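Just so you know, these numbers come straight off a predicted model, no measurement behind them.
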Amino acid sequence: KEAKKHLANLPVWFLGYYPQRYCTLFSCSWQFTFDEFEQARKRVARLEAVAFQNKNALVPFNEAQKALLAAKEQYQQATNTKDRESAIASWQTAIDQLDQISQQTYAGQNAQTQLAAYKRDFENARVSNFISAAEEFDLEAQKVKPTNSQAASDLWQQAITRLAQVPNENPRYVDAQKLMAGYQVKQKTVVNQRSSTLIEAGKQYALAAAKASQNPPHEAQKWEQI
């Protein structure tokens, strides 16, 4: 704006009156041409457009920053898997918004500088949530196992699915693998136990049917029962 104001104050009208001839008569020097003035006007216009673009980019930048901080706070205050996953989803959205800001603007350049740290914190939170969620599923599975082995198996499967998403380059990958191996053993045990129970029950029904079918002939109703 300051450059534009000074440019507007230049005596451009004088350029059309042969300033070189004027300076010849009055012993002055003149090196500013009309072409140079036009170039200066175009440059100021470009600068004005750049400034406008930068100003506009600050709006999504500030909004994304605010949303990111709110998501981090929500994650820190979360007490269960559902709330943590909701916070993580908002956190990811804020990071995506920052990543989409044009890098031709100061806001975009600033965002790119900060994104590395934001993404590192986000990844650590995401992995921690995978492990915490798996541990919660394990506790719930232990509770329901005596009365509902299938529900327990499903819960352990959810725990295994969460742990399988921990990337191998993450420092907690080994911990996740150890937990996953333990949950797989628990799931296999409860599934096999349930299968054995069903097989044993099937054998008992088959034996009862065999006994009932002895000494025919039988009435149609008894054959249906057999």
Side-chain angles (χ1 to χ4, degrees), residues 53-191 194:
Q53 186 182 20
N54 275 289
K55 185 178 179 181
N56 283 347
L58 283 174
V59 176
F61 176 78
N62 290 332
E63 289 178 351
Q65 287 271 50
K66 185 178 179 181
L68 190 144
L69 293 175
K72 288 182 71 174
E73 185 177 358
Q74 180 187 351
Y75 177 85
Q76 292 166 356
Q77 295 176 354
T79 57
N80 55 62
T81 297
K82 183 179 179 181
D83 291 343
R84 282 194 300 270
E85 290 182 346
S86 175
I88 285 174
S90 299
W91 198 338
Q92 179 67 72
T93 300
I95 287 176
D96 291 342
Q97 288 174 342
L98 285 172
D99 219 356
Q100 291 170 7
I101 298 174
S102 172
Q103 296 185 33
Q104 302 300 318
T105 64
Y106 294 121
Q109 293 166 13
N110 193 12
Q112 290 300 316
T113 301
Q114 299 177 22
L115 271 173
Y118 289 158
K119 289 180 178 179
R120 183 187 63 244
D121 292 344
F122 172 77
E123 184 62 19
N124 289 336
R126 194 171 72 100
V127 168
S128 294
N129 180 62
F130 286 148
I131 294 175
S132 297
E135 291 172 339
E136 287 181 14
F137 287 131
D138 175 48
L139 290 174
E140 187 63 26
Q142 296 283 10
K143 291 179 183 178
V144 303
K145 177 183 173 182
T147 57
N148 193 337
S149 58
Q150 183 59 50
S153 176
D154 293 342
L155 287 165
W156 275 316
Q157 183 57 52
Q158 290 190 57
I160 292 168
T161 302
R162 293 295 197 289
L163 293 171
Q165 296 181 64
V166 177
N168 55 12
E169 66 272 11
N170 191 276
R172 302 192 68 183
Y173 174 76
V174 175
D175 294 336
Q177 289 296 304
K178 289 179 180 178
L179 286 172
M180 185 162 63
Y183 298 156
Q184 286 171 336
V185 171
K186 292 179 180 180
Q187 185 189 37
K188 185 177 180 180
T189 301
V190 74
V191 169
R194 180 171 179 269

- Just wondering, do K55 and Y106 contact through their side chains at under 4.5 Å, heavy atoms? no

- Begin with the C-alpha distance, continue with both residues' side-chain angles, and end with the deciding distance and a verdict on side chain to side chain contact (heavy atoms under 4.5 Å, CB included) for R84 and S128. CA-CA 10 Å; R84 282 194 300 270; S128 294; over 6 Å; no

- Message: Tell me whether R162 is salt-bridged to E136, with the criterion being a basic N under 4.0 Å from an acidic carboxylate O.
- Response: no

- Are any non-hydrogen side-chain atoms of M180 and V166 less than 4.5 angstrom apart? no

- D83 (side chain) donor-acceptor with T79 (main chain) under 3.5 angstrom: no

- Task: With the side chain counted from C-beta on, respond yes when L98 and Q114 share a heavy-atom pair under 4.5 Å apart, and no when they do not.
- Result: no

- Message: A quick test of your reading: do over 12 heavy atoms of other residues, nucleotides or ligands sit less than 6.0 Å from CD of Q112?
- Response: yes

- Query: Rounded to the nearest 0.5 Å, how far apart are CD of E85 and OG of S132?
  - Reply: 10.5 Å

- Query: Is there a side-chain contact between N110 and Q65 (heavy atoms, below 4.5 Å)?
  - Reply: no

- Sub-3.5 Å donor-acceptor pair from the side chain of Q187 to the main-chain atoms of S153, do we have one? yes

- Could you grab the distance from atom NZ of K186 to atom CG of L155, nearest 0.5 Å is fine? 12.0 Å

- So, do N129 and Y75 sit near enough that their side-chain heavy atoms are less than 4.5 Å apart? yes

- Under 3.5 Å, is there a donor-acceptor pair linking the side chains of Q158 and Y183? no

- Hey, does V185 have a side-chain heavy atom less than 4.5 Å from the side chain of T189? yes

- For Q165, does the CD atom have more than 12 heavy-atom neighbours from other residues, nucleotides or ligands under 6.0 Å away? yes

- Message: Which heavy atom of T105 sits nearest to which heavy atom of A57, and what is that distance?
- Response: OG1-CB, 3.6 Å

- Task: Consider only side-chain N and O atoms of Q100 and D96, and report whether a donor and an acceptor are under 3.5 Å apart.
- Result: no

- Please round to the nearest 0.5 Å and tell me the distance separating atom CD1 of I160 and atom CD of Q184. 4.5 Å

- Item | Side-chain touch R126/Q92, heavy atoms, less than 4.5 angstrom | no

- Could you give the distance from CD (Q74) to CD (Q76), rounded to the nearest 0.5 Å? 11.0 Å

- Task: Quick one: closest heavy-atom pair of Y173 and N168, and the distance?
- Result: CD1-CA, 3.3 Å

- With a 4.5 Å heavy-atom cut-off, do Q97 and P60 have their side chains touching? no

- Item | Pairwise distance OG(S102) to CG(N56) - rounded to 0.5 angstrom | 11.5 Å

- Rounded to the nearest 0.5 Å, what separation is found between the CD1 atom of I131 and the CG atom of L163? 6.5 Å

